[in-house]
2 protein chains.
Amino acid sequence: MDDRELRAFTSIAEFGRMDLAAKELGYSQPALSYQIRRLESALGAALLTRGPTGVELTIAGQLILPTARATLVLIEGMKQTAGVADRRR
Amino acid sequence: MDDRELRAFTSIAEFGRMDLAAKELGYSQPALSYQIRRLESALGAALLTRGPTGVELTIAGQLILPTARATLVLIEGMKQTAGVADRRR
DNA sequence: GGTTATTACGATGGACGTAATGATC
DNA sequence: GATCATTACGTCCATCGTAATAACC
């Protein structure tokens, strides 16, 4: 599992649409679609129901969303901590 | 950043050696070395000091270790949650 | 010389963009 | 037919193992 996939998921959850999330993150639409499929595969569950008007979160998607956000916060924290520690070496 | 890299880091931190961690995780020694370099690159900081007797954690490595473990716990939680939710769909 | 980590290199699979297709309104 | 997502396909980079090298006890 990659943090880019988590970012893709949280962004899609906010927009309710893949195309906007793709634009926001700087990916093409197929690339983002691929990332979500990768994440679903890693988690063993469908996260979104797709449609021509956008996407909706499945139950599983709704349940993991807060943890996905928390995970991204931890990762950001590690980056900051590591960067600061390295600079003071 | 990938969760395999975090697992590699925590395992190396526990053993204090890369070869044992590699064996535990089912990777070759070069593969694990590569994963750590990737993680260091993603974090922008050196995590280990390498030597012929094993490795030691840098300050940055010591600081992020608890957060790395916490991140892995969250990821495991997402897998469990998603799996259970998907099964009850 | 034995132990541990890195470098070199070739092979396989992953991740991406563009273009084309599918589906729904 | 416009909109949003997926599939197809080609390309480039990531990741791995094996083999060779480097460094320290």
Side-chain angles (χ1 to χ4, degrees), chain A residues 1-62 65 68 71-72 75 79 86 89, chain B residues 1-62 65 68 71-72 75 79 86 89:
Chain A
M1 187 186 314
D2 199 291
D3 64 335
R4 287 171 307 173
E5 298 164 1
L6 293 178
R7 265 179 255 281
F9 174 61
T10 58
S11 181
I12 291 170
E14 280 162 24
F15 283 114
R17 283 168 47 184
M18 281 202 190
D19 61 329
L20 294 183
K23 179 169 280 190
E24 160 125 327
L25 297 172
Y27 290 110
S28 70
Q29 228 171 60
L32 209 66
S33 176
Y34 178 72
Q35 288 185 7
I36 292 297
R37 268 189 294 138
R38 285 276 301 174
L39 181 58
E40 290 178 323
S41 166
L43 291 173
L47 299 176
L48 306 171
T49 58
R50 283 92 160 158
T53 72
V55 299
E56 281 184 14
L57 296 188
T58 61
I59 305 290
Q62 294 174 35
L65 180 56
T71 303
L72 288 173
I75 289 173
K79 283 185 187 170
D86 203 62
R89 190 163 31 152
Chain B
M1 187 187 313
D2 198 292
D3 63 336
R4 286 171 307 171
E5 297 164 1
L6 293 178
R7 263 179 257 281
F9 174 61
T10 57
S11 182
I12 290 171
E14 280 161 24
F15 284 114
R17 281 168 47 183
M18 282 201 188
D19 62 329
L20 293 182
K23 179 169 276 187
E24 160 125 328
L25 297 171
Y27 290 110
S28 69
Q29 228 173 58
L32 209 67
S33 176
Y34 177 72
Q35 289 184 5
I36 291 297
R37 269 189 293 139
R38 286 278 300 174
L39 180 59
E40 290 179 321
S41 165
L43 291 173
L47 299 176
L48 305 172
T49 58
R50 284 91 161 159
T53 72
V55 300
E56 281 185 12
L57 296 188
T58 62
I59 306 290
Q62 295 174 35
L65 180 56
T71 303
L72 289 172
I75 289 173
K79 282 185 186 168
D86 203 62
R89 190 162 34 151

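So that the names make sense, note that chain A is the first sequence line, chain B the second, and so on, each numbered from 1.
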Test of understanding: with side-chain contact (heavy atoms from CB on, under 4.5 Å), list the residues that count as partners of A:Thr53, not counting sequence neighbours. none
I need a per-nucleotide contact map over nucleotides 6-17 of chain D, read 5' to 3'. Cutoff is protein heavy atoms under 4.0 Å; write B for the base, S for backbone only, - otherwise. BB------SBSB
Do A:Phe9 and A:Leu48 make a side-chain contact, defined as non-hydrogen atoms from C-beta onward lying under 4.5 Å apart? yes
Any side-chain heavy atom of A:Asp3 sitting closer than 4.5 Å to one from A:Lys79? yes
Protein-nucleotide distance ([X], atom [atom1]; [N], atom [atom2]), rounded to Å:
{"X": "B:Arg17", "N": "D:dC24", "atom1": "CZ", "atom2": "C1'", "answer": "14 Å"}
{"X": "A:Leu48", "N": "D:dA5", "atom1": "CG", "atom2": "C1'", "answer": "11 Å"}
{"X": "A:Lys23", "N": "D:dA5", "atom1": "NZ", "atom2": "P", "answer": "13 Å"}

For atom CG of A:Leu72, decide whether the heavy atoms of other residues, nucleotides or ligands shown that lie under 6.0 angstrom number more than 12. yes
Pairs involving residues 19-32 of chain B, ordered by first then second residue, that meet salt bridge (Lys or Arg N to Asp or Glu O under 4.0 Å) (sequence neighbours left out): B:Arg17-B:Asp19
Can you list every salt bridge (Lys or Arg N to Asp or Glu O under 4.0 Å) pair that touches residues 40-59 of chain A, not counting sequence neighbours? A:Glu40-A:Arg50
Who pairs with B:Arg38 by side-chain hydrogen bond (donor to acceptor under 3.5 Å, both in side chains), at least two apart in sequence or on another chain? none
Which atom names give the shortest non-hydrogen contact between B:Leu6 and B:Ala68, and what distance separates them? CD2-CB, 4.2 Å
The first and last nucleotides of DNA chain C lying within contact of chain B, meaning any atom under 4.0 Å from one of its heavy atoms, run from C:dT4 to C:dT7
